[in-house]
Amino acid sequence: MASLSGGSAEAARDWSAYQFEIYLNGVAGIVPRMPTDLTRLEEVAGRWLAPGPVGYVTGGAGNGRTVQANRAALDRWQIVPRMLRDVSERDLTVEVLGRSLPAPLALGPIGVLSIVHPEAEPAAARAAAAQGVPYALSSVSSTPLEQVAAAMGDGERWFQLYWGKDREVTRSFLGRAKASGFSVLVVTLDTPMLSWRPHDLDQAYLPFLRGVGTANYFTDPAFQAGLARPVHEDLNAAVLHFTAMFSDPGKTWDDLAFLREHWDGPIVLKGVLHPDDARQAADAGMDGVVVSNHGGRQVNGAIGALDALPGVVAAVGDRLDVLFDSGIRSGDDVFKALALGARTVLLGRPYAYGLGLDGQAGVEHVIRALLNEFDLTLALSGHTSATGLTPEALTRAD
Ligand SMILES: Cc1cc2nc3c(=O)[nH]c(=O)nc-3n(C[C@H](O)[C@H](O)[C@H](O)COP(=O)(O)O)c2cc1C
Ligand SMILES: O=C(O)C(=O)c1ccccc1
């Protein structure tokens with residue numbers, strides 16, 4: 001069993017163990033509860049979870065063209081395996097944002113997780129901590145950030161900020177996150193408003209209007225100060241106030257100075273697709289960007305995220321850390337993103353399905369399956385280190 005402690009002990013983690021554990025269980029007549037092909041999770045989740053939540057998680061903006069573009073972009077690259085290169089020992093550790101991670105993976109921010117499982121974010125966070133990968137907690141979590149932090153032990157915690165209209169609430173969130181041991185700030189830029197989402201519109205389903213996703217706000221003194229009456233005395237007014245202030249379409253690059261001033265750890269901007277935006281991030285003193293189109297959930301018709309990665313890496317790869325998400329479903333996807341210059345990937349929907357189907361154990365299954373498959377892809381393609389991959393490991397399929 002791999003070490004559960006933090007820091008450099010993570011370097012010793014053996015990601016190849018899951019495959020053997022599964023086969024050994026087979027001797028006792030036990031097969032995995034969930035698919036080991038993570039691309040099948042969506043279909044299985046669709047059978048077991050309620051239609052509103054499933055639509056919310058799987059859905060994209062518009063008719064789903066960018067959800068498809070994310071997959072098409074990954075499928076357009078193919079790995080060209082190399083032979084006879086001694087792959088007996090592999091090292092999956094990476095350096096990112098000034099820390100060492102045991103593998104090039106973090107759980108990305110996904111809000112409102114109580115719609116898929118009652119244990120919600122704390123269960124996902126415990127799974128991440130148990131596997132030694134960072135957990136990025138969403139601003140719009142179903143559980144207050146202090147409770148999520150408490151569930152994580154010494155697990156690495158990142159806080160995702162929805163940068164709203166109220167400065168005092170932002171300041172308060174940053175203070176609370178810092179006090180609870182969140183070390184990296186992930187600021188999401190691509191959601192100044194929610195996009196046109198037919199999956200949710202057709203079912204008239206929006207979690208916040210059912211009070212889900214407001215936990216950090218309703219427990220926040222600065223948020224409460226903006227209400228005429230306490231949250232519990234007028235829930236509707238509180239929900240409306242939340243929807244009016246949680247994001248701010250008026251923000252510009254100049255506003256980043258405020259965050260730099262109030263957060264002394266690494267700041268990562270999530271949702272960067274254009275090289276010039278990446279340059280502006282570097283100019284503003286940011287420590288990283290996440291090349292992401294929010295899993296195709298914001299701009300329908302937007303560029304597939306992987307298609308945007310090389311341009312951003314060329315523009316700023318030597319000035320800040322480039323992370324990646326949107327469409328990662330397998331170990332070979334991780335390989336491709338790293339080969340094109342990402343230092344680490346964030347996992348999205350697959351872990352939400354894992355949580356919905358089997359709570360913390362389901363999320364741990366997803367992490368272990370993904371990283372074991374990545375380790376095997378690395379080895380079988382003739383590589384031994386997650387940091388050494390270059391575009392030469394790939395070829396364009398078209
Ligand atoms: C149900 C759901 C909720 C999400 N909530 C947030 C959020 O609160 N903050 C955020 O920055 N991104 C959020 N995202 C986007 C993810 O962080 C990530 O960018 C996206 O899921 C990656 O695409 P993929 O799931 O196709 O891999 C959410 C995504 C989903 C599916
Ligand atoms: O649904 C999303 O993609 C998302 O990021 C979000 C935005 C606001 C509240 C909850 C989730």
Side-chain angles (χ1 to χ4, degrees), residues 38-39 41-42 45 49 52-61 64 66-74 105-117 120-121 124 135-142 145 158-164 185-197 199-200 205-217 239 242-243 245-248 268-273 289-299 302 304-306 323-330 333-334 337 342 345-356 366 370:
L38 302 180
T39 65
L41 286 174
E42 178 175 329
L49 307 181
V54 163
Y56 189 76
V57 176
T58 62
T66 297
V67 174
Q68 287 164 13
N70 286 337
R71 285 308 318 165
L74 281 152
L105 182 76
L107 297 192
I110 294 196
V112 299
L113 281 174
S114 64
I115 66 173
V116 296
H117 195 281
E121 294 85 7
Y135 177 70
L137 177 70
S138 165
S139 278
V140 290
S141 57
S142 337
L145 63 91
W158 300 358
F159 182 70
Q160 177 265 327
L161 180 70
Y162 271 132
W163 194 7
L185 184 67
V186 179
V187 184
T188 301
L189 303 183
D190 56 21
T191 314
M193 56 203 59
L194 285 187
S195 68
W196 186 253
R197 296 183 176 178
H199 282 82
D200 304 330
Y205 180 85
L206 190 64
F208 324 111
L209 296 185
R210 298 156 193 243
V212 180
T214 52
N216 286 322
Y217 299 82
V239 168
F242 161 78
T243 49
M245 61 71 71
F246 96 93
S247 69
D248 178 8
V268 180
L269 301 184
K270 177 170 178 280
V272 169
L273 294 165
V289 294
V290 185
V291 171
S292 165
N293 57 28
H294 211 102
R297 297 166 70 80
Q298 286 298 94
V299 179
L306 197 78
L323 290 77
F324 175 83
D325 80 21
S326 296
I328 296 287
R329 300 290 180 271
S330 63
D333 292 340
V334 179
V345 303
L346 307 187
L347 192 62
R349 291 180 180 91
Y351 89 81
Y353 300 136
L355 178 71
V366 169
L370 187 80

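We're numbering straight along the sequence, starting at 1. Indexing begins at 1, ligand by ligand and atom by atom, following the structure's order.
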* side-chain contact (heavy atoms from CB on, under 4.5 Å) between Lys270 and Asp325: does it pass, once the steps are laid out? -> CA-CA 9 Å; Lys270 177 170 178 280; Asp325 80 21; 3.4 Å; yes
* So Trp163 and Asp248, side-chain contact (heavy atoms from CB on, under 4.5 Å) or not? Walk me through it. -> CA-CA 7 Å; Trp163 194 7; Asp248 178 8; over 6 Å; no
* Asked: Rounded to the nearest 0.5 Å, how far does CD of Gln160 lie from CG of Leu346?
  -> 10.5 Å
* To do: Taking all heavy atoms of Thr58 and all of Glu42, pick out the closest pair and write down the distance.
  => CG2-CG, 3.6 Å
* Structure fact -> CG of Asp200 to CG of Leu194, rounded to nearest 0.5 Å, is 8.5 Å
* Asked: Heavy atoms under 4.0 Å from ligand 2: which residues qualify?
  -> Tyr56, Val140, Tyr162, Leu194, Arg197, Phe208, Phe246, His294, Arg297
* Under the ring pair (Phe, Tyr, Trp, His ring centres under 6.0 Å) test, which residues partner Tyr56, sequence neighbours left out? -> none
* Name the orientation class of the two ring planes belonging to Phe208 and Phe242 (parallel below 30°, tilted from 30 to 60°, perpendicular beyond 60°). => tilted
* Atom-level proximity to ligand 1, residues with heavy atom under 4.0 Å -> Tyr56, Val57, Pro109, Ile110, Gly111, Ser138, Val140, Gln160, Tyr162, Thr188, Lys270, Ser292, His294, Gly295, Arg297, Asp325, Ser326, Gly327, Ile328, Arg329, Gly348, Arg349
* Structure fact -> Residues at least two apart in sequence or cross-chain that pass ring pair (Phe, Tyr, Trp, His ring centres under 6.0 Å) with Tyr351, listed by chain then number, are none
* **Separation between CD1 of Ile110 and CG of Leu355, rounded to the nearest 0.5 Å** => 9.5 Å
